[in-house]
Amino acid sequence: MPYYFRLPNIDDLTLSQQAALNETEQIALSGGPGTGKSVVSLYRHLANHGNGSRSLLITYTTTLARYLSECCRLRNPEASRNVRSAYAGRPKRRENFSEIIIDEAQDLDAEYFDQISGFSISYGADDAQILYPEHSSTKEELEERFENNVEYVLDRNFRSTLAIMTFARVAFPNAYIPQNTLDALANNPGEKPTLIVTDGNPLFNENARSKRDDAIKEIIETFRTDTHNIAILLPFKNTVKEYHDILDEMDIAHSFYYEDQKEFPNGCPPIDNVHITTFKSAKGLEFDTVLVPDFGSMDYLCNKYDVIDWNDFYVAVTRARTNLYLFSNNNIPQLNNVVE
């Protein structure tokens, strides 16, 4: 079954989102996960094409580019064609775009912006979701570069429940999650994330592996419907392949993707409503139910590998709208108050 697209109606945007959308000058959006930065960028892009002024919507990952393009497709086919991943190359002056809108701008470095400096640029960014610190742009750096852009701060979370964001605040103390963000979720309390303890490493322990796989199958079978999206989010490409094989053995239809031009020369394929991908490729997406099998290994993986950091796990858990399942070889006592 295909991914169920759930784009909010334009009339349901908040006052701050509407103000950013209608701003006649270039904008600088900031805000945490789920606050609607991508939604505002998307509607601004659609509005440009509806008014006859052609714009280009750029984002870092090919997965999010496909998502945004599909959201545009039924509303304005030309706007859909003018959605691009940063991987697809920099826009050329001859393309004559009236505005370049960059979603997830923190993931692009100074050199990228230098090479598109001739365009009018609006952007959205969040420091806590930087994918690759060695080639990124912080909020402060973006503000210095685009000093004339009108700033709009979005601080109301529309994606996750209070329980999920409370968990994120405890699990990721380096991520700035203001109290007013939690207060605004009071009417959407939700259930605490579930920590599934396998009592052993599934790589080496058959009982632990069986417990993990049985839990994954049960979760998918419990929640999967035409309008319910489920993701298994993983740190590395090779683990995406591993779980692709696991779901194949279970005869569970799904899609999978990771950034690799050799394996996926045309970018991200169509996304099913059960999807396996890396933390980085999940950026900007949302799923009703999210499973993070390697959560208990976060500290070990972050210390061992330079390409993974707490930000990546933070991105993963904040993709969840309603249900969050975390797997660990052992109990994690410091999280006992915020998980089941």
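Remember, predicted model here, so these are calculated numbers, not experimental data.
- Note that CG of Leu131 is 9.5 Å distant from OG of Ser136, once rounded to the nearest 0.5 Å.
- Every residue meeting the salt bridge (charged side-chain N to carboxylate O under 4.0 Å, His left out) condition with Glu242, not counting sequence neighbours, appears here in chain and number order: Arg212.
- A continuous path of Ile, Leu, Val, Met, Phe, Trp and Tyr side chains, each step under 4.5 Å between heavy atoms, connects Leu233 with Ile308, placing both in one hydrophobic cluster.
- Side-chain contact, Asp155 with Asn180: a donor N or O sits under 3.5 Å from an acceptor N or O.
- Under the 4.5 Å side-chain heavy-atom criterion for Ile, Leu, Val, Met, Phe, Trp and Tyr, Trp310 and Leu234 are members of distinct hydrophobic clusters.
- With respect to Asp114 and Arg145, a salt bridge is recorded, a charged nitrogen being found less than 4.0 Å from a carboxylate O.
- A salt bridge is defined here as a Lys NZ or Arg NE, NH1 or NH2 lying under 4.0 Å from an Asp or Glu carboxylate O, and Asp199 with Lys211 meets this definition.
- Using modelled atom types, one side-chain atom of Lys237 and one backbone atom of Glu259 make a donor-acceptor pair closer than 3.5 Å.
- Panel note: side chain Arg319, backbone Val315; a donor-acceptor pair is recorded below 3.5 Å.
- Heavy-atom minimum distance, Gly124 versus Gln106: O-OE1, 4.1 Å.
- A perpendicular orientation is assigned to the rings of Phe256 and Phe264, their planes being inclined by more than 60° (bins at 30° and 60°).
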Thr194 vs Val339, test: side-chain contact (heavy atoms from CB on, under 4.5 Å). Steps then yes/no. CA-CA 5 Å; Thr194 298; Val339 299; over 6 Å; no

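- When each of Asn273, Asp248, Ile230 is paired with His254, the side chain to side chain contact (heavy atoms under 4.5 Å, CB included) condition holds for Asp248 and for no other.
- Other residues, nucleotides and ligands contribute more than 12 heavy atoms inside 6.0 Å of the CD atom of Gln179.
- Ring pair Phe5/Tyr3: centre-to-centre distance below 6.0 Å.
- Residues Glu286 and Arg321 are paired through a salt bridge, judged by an N-O separation under 4.0 Å between the basic side chain and the carboxylate.
- Under the salt bridge (charged side-chain N to carboxylate O under 4.0 Å, His left out) criterion, Arg169 pairs with no residue at all, not counting sequence neighbours.
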Evaluate Phe119 against Phe113 for side-chain contact (heavy atoms from CB on, under 4.5 Å), listing each step before the verdict. CA-CA 10 Å; Phe119 290 98; Phe113 289 111; over 6 Å; no

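- Cluster membership for Val39 and Val83, using ILVMFWY side-chain heavy atoms within less than 4.5 angstrom, is shared.
- Among Leu326, Asn323, Val290, Thr161, the single residue meeting the side chain to side chain contact (heavy atoms under 4.5 Å, CB included) criterion with Pro193 is Leu326.
- Taking a cutoff of 4.0 Å between a charged side-chain nitrogen and a carboxylate oxygen, Asp107 and Lys283 qualify as a salt bridge.
- In this structure, a donor-acceptor pair under 3.5 Å is absent between the side chains of Ser38 and Tyr67.
- Shown here are the side-chain contact (heavy atoms from CB on, under 4.5 Å) partners of Asn205, two or more places apart in sequence or in another chain: Asn207, Ala208.
- Pairs engaging residues 205-230 under the ring-ring contact (aromatic ring centres under 6.0 Å, His included) rule: Phe223-His228 [sequence neighbours left out].
- A donor and an acceptor atom, one from each side chain of Asp288 and Thr322, are nowhere located under 3.5 Å apart.
- Of the possible polar contacts, one joining the Asn157 side chain to the Arg159 backbone as a donor-acceptor pair under 3.5 Å is found.
- By the 6.0 Å and 45° rule, Lys92 does not stack over the aromatic ring of Phe97.
- Side-chain contact annotation: Thr61 with Thr63, donor-acceptor N/O pair under 3.5 Å absent.
- Shown here are the side-chain contact (heavy atoms from CB on, under 4.5 Å) partners of Ser297, two or more places apart in sequence or in another chain: Leu301.
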Donor-acceptor contacts, no H, no angles, side chain residues 24-36, under 3.5 Å, sequence neighbours left out:
unit_1 : atom_1 : unit_2 : atom_2 : d
Gln26  : NE2    : Glu99  : OE2    : 2.8
Gln26  : NE2    : Ser122 : OG     : 3.0
Thr35  : OG1    : Gly32  : O      : 2.7

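- When hydrophobic clusters are built by joining Ile, Leu, Val, Met, Phe, Trp and Tyr residues whose side-chain heavy atoms come closer than 4.5 Å, directly or via intermediates, Phe287 is grouped together with Phe313.
- Between Arg81 and Glu78 there is no salt bridge, since no side-chain N of the basic residue sits under 4.0 Å from a carboxylate O of the acidic one.
- Without hydrogens or angle criteria, Asp272 side chain to His275 main chain gives no donor-acceptor distance under 3.5 Å.
- Under the 3.5 Å distance criterion, with hydrogens and angles disregarded, a donor-acceptor pair is assigned to the side chains of Thr278 and Ser281.
- No side-chain donor-acceptor contact under 3.5 Å links Gln129 to the backbone of Asp126.
- Not one N or O on the side chain of Arg209 forms a donor-acceptor pair closer than 3.5 Å with the backbone of Phe204.
- Within a 6.0 Å radius of CD in Gln261, other residues, nucleotides and ligands contribute 12 heavy atoms or fewer.
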Would you please test Tyr314 and Phe172 for ring pair (Phe, Tyr, Trp, His ring centres under 6.0 Å) and show each step? CA-CA 7 Å; Tyr314 174 69; Phe172 305 99; 5.6 Å; yes

Check step by step if side-chain contact (heavy atoms from CB on, under 4.5 Å) holds for Leu57 and Arg84. CA-CA 6 Å; Leu57 178 56; Arg84 185 180 301 176; over 6 Å; no

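- In terms of heavy atoms, Glu151 sits closest to Val153 at OE2-CG2, 3.7 Å.
- Between Leu285 and Ile271 the shortest heavy-atom distance is CD1-CD1, 4.3 Å.
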